[in-house]
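Residues: numbered from 1 along the sequence shown.
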Amino acid sequence: MTWGARSTLSAFAFALCCILAAVRPVYAAEAPRSAPCWQTLPLSAQASDYLAELGPWTCEESAPPVGNYRIALTWNDVQASEPKFLVSRIGHFGNVTLASQDKTGRWITSRHKANDAQPLTDGPHFKLALPQPADGSIRTVVIFDRPLHLSTMTAAKLLAEDPALDPDSIAYQLLIAGLLGIILIPLFFDLVFWRVLRQNFLLWHSALIGSFALLLLSQSGLVNHMVDLPIEVWRRSLIMSFGVALAVSFMFTRSYIEYDKISPIMRRWVPYAAAWALIASAIHAASFDFMRPFGSSFHSVALAPLMILILAIMIDAWRRGSRAVRFQMVGWTPLFVGVSIQLVTYITPLAPPNDALPIFFFGMLTESLATALGVADRFLAIRRQRDKAQDRVAALDALSSVDPLTGLYNRRALDIRMGSLRADGFNTFALLDLDHFKTVNDTIGHAGGDAVLVEVAGILSADDQSLGFRLGGEEFLLVMKGDDSLDRAEKLRQAISLRVARQIDGLERILTASVGAIVLPKDRKEADIFSDIYSRADKLLYEAKEGGRNRLVFEKLRLFSPRQPDRRRAASG
């Protein structure tokens, strides 16, 4: 296992332990309690009249209604001695009336708007200070006007101490901050991979990580350490961050899973599903009056089909043999469980609403890390494919640049390397042609002629400071460097006759070669065009042929101009 993999697994195990530790109650000092008792009041009723006639409560097991109602809550069990704070889950409501009864039976009340509540930083909760009678309270009643979220009432509790100062609350905040840091780590990998691959799924993965980070900040309440948000703004940001995270998850899945591993129909539906996640979240966040009868269940019902769709996409991709979806399934399983618990408990009356925050946080962690590992796996797969493609291109390029018979470079390779050869000091170009080569083919056949060409190529490749090229037929080119390049070219030319005579049987005459060589100035800075060099060397080769063959004719040039040769000389063998 690599160091990177071990580090990732270690971080994952550490975060898992931390998340499991967070399952315990946040407020350790709180005594066990039952759900609050409730009564439905007319919206026209005055709190003072209701409290004056308050009698014994009958606690019902059913959940209180939401929407256009006024709900009164009280607690039969003693939650805290001298309760001072009401704590509950954030949700939309009109006003809330807090009432404390002293030992004489007198009620002290305070009325607040939703935005008067103080947000907490250890989950999506708020607190309100209870009115405090001088001689202590014996009973507390909380009245919510037009509550939209059932969990705002079922999660309500009374505390004797400020929850913001609870040690467990501070430990929770540190835990979430650490979890946030782990979730954000893959962003750095995305930046590195994006510079290499330029793939859209990397951008969607960055957006996914960013949306998870925003959702974690909102859902955990840690955002209130950074920004002073009113309760209603916080509630809307929490709903929208969930919708954005779900929409981005759809788009990332669509771009990340291999194209041919998702059904075309499902692929077309994904953008619409992502758009619906945003629209449904925006409708729920706006809390329109006509939506009040549905309460918070609208959001759950609206998003439930999307969870089914993402599950169907993964099953389909898995059946089609997708490798990428394996990472998605690992990441989505805990998150799917957490979201499912939220949806089911908000839709059905079988259990009180449950945010399943520990499972939800753990799901975000697994999804972030699993997709990060999946992105790394995809990066390696794409890089392997790219390397193979580059190897194939290099192989094809080599084949197209090398003469298949002799193994020497061809004219195409020379055109490509001309600039680098001159920069490396190659300034001598010797054009070589085998004399009367047609008689060789006529005498020993074309197979024998090919064997001669192979021997000539071996001779021309023997010099360490030169490169041999076959330009076609029996014509070769030596590109040389060094002060003695002409002498070496002449030795190679003469070696052809000796080696071919020794290695090739059946020849009726000694095979000779003629060479036309041109030496360019070493300090020449202008770009050289091979066609001009070849034309000049070919004229010198023609002179060697006209002069009786079996010789080398060369020029040394100060300037590359046919009218200004420095010196011309012929050498014959």
Side-chain angles (χ1 to χ4, degrees), residues 199-212 214-215 219 238-285 291 294 296-348 353-356 359-360 362-372 374-375 378:
Q199 296 284 325
N200 286 338
F201 75 86
L202 291 171
L203 298 180
W204 283 115
H205 186 250
S206 298
L208 177 68
I209 296 301
S211 64
F212 275 2
L214 291 176
L215 180 57
Q219 190 84 10
L238 194 157
I239 295 171
M240 289 307 303
S241 62
F242 183 83
V244 169
L246 187 58
V248 173
S249 296
F250 269 97
M251 297 305 297
F252 168 71
T253 299
R254 182 175 185 263
S255 64
Y256 172 64
I257 296 178
E258 300 89 340
Y259 188 84
D260 59 336
K261 304 302 182 183
I262 299 181
S263 165
I265 297 177
M266 290 184 179
R267 182 176 291 276
R268 286 195 296 268
W269 273 102
V270 166
Y272 297 104
W276 174 244
L278 296 176
I279 294 172
S281 298
I283 293 174
H284 182 52
M291 297 299 299
F294 300 99
S296 58
S297 61
F298 164 77
H299 199 218
S300 302
V301 172
L303 297 184
L306 303 187
M307 304 304 297
I308 297 174
L309 176 60
I310 195 70
L311 181 61
I313 289 174
M314 292 186 184
I315 293 175
D316 181 64
W318 179 75
R319 292 178 59 187
R320 292 170 180 259
S322 170
R323 176 180 176 85
V325 78
R326 301 174 188 176
F327 295 93
Q328 283 287 80
M329 295 177 77
V330 170
W332 266 92
T333 297
L335 193 60
F336 190 83
V337 171
V339 173
S340 298
I341 293 175
Q342 290 187 20
L343 296 180
V344 170
T345 57
Y346 272 80
I347 294 174
T348 66
N354 188 344
D355 289 324
I359 299 177
F360 191 71
F362 179 62
M364 284 192 287
L365 175 67
T366 55
E367 171 67 2
S368 300
L369 293 181
T371 53
V375 166
R378 172 65 69 84

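No donor-acceptor pair closer than 3.5 Å links the side chain of Trp204 to the backbone N or O of Phe250.
Separation of atoms CD1 (Ile279) and OH (Tyr272) is listed at 11.5 Å; rounding is to 0.5 Å. Here Tyr256 contributes atom OH and Ser249 contributes atom OG; the two are 13.5 Å apart, rounded to the nearest 0.5 Å. In this structure, CZ on Arg268 lies 10.0 Å from CZ on Arg254, to the nearest 0.5 angstrom. Here the CE-CG distance, from Met251 to Leu203, works out to 12.0 Å after rounding to the nearest 0.5 Å. The line from CD1 of Ile209 to CZ of Phe252 is 8.0 Å long, rounded to the nearest 0.5 Å.
Between Ser322 and Glu258 the shortest heavy-atom distance is OG-OE1, 2.6 Å. Considering all non-hydrogen atoms of both residues, Ala285 and Ile239 come closest at CA-CD1, 3.9 Å. Considering every non-hydrogen atom in both Ala302 and Ala280, the closest pair reads CB-CB, 3.8 Å. Considering every non-hydrogen atom in both Ala277 and Leu306, the closest pair reads CB-CD1, 3.6 Å. The shortest heavy-atom contact between Val248 and Ala207 is CG1-C, 3.6 Å.
Legend: residues meeting side-chain hydrogen bond (donor to acceptor under 3.5 Å, both in side chains) with Ser241, ordered by chain and number and at least two apart, are absent. Under the rule for a side-chain hydrogen bond (donor to acceptor under 3.5 Å, both in side chains), Ser211 has no partner lying at least two apart in sequence or in another chain.
The shortest side-chain heavy-atom distance between Phe242 and Gln219 does not fall under the 4.5 Å cut-off. Inter-residue side-chain proximity for Met307 and Leu246 is flagged as met; some heavy-atom pair is nearer than 4.5 Å.
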Where do Thr253 and Ile310 land on the side chain to side chain contact (heavy atoms under 4.5 Å, CB included) test, with the steps shown first? CA-CA 9 Å; Thr253 299; Ile310 195 70; 3.8 Å; yes
Do any side-chain atoms of residues 311-319 form donor-acceptor pairs under 3.5 angstrom with protein atoms, and if so which ones, sequence neighbours left out?
from, atom 1, to, atom 2, distance (Å)
Asp316, OD1, Arg320, NE, 3.3
Asp316, OD2, Ser263, N, 3.0
Asp316, OD2, Arg320, NE, 2.9

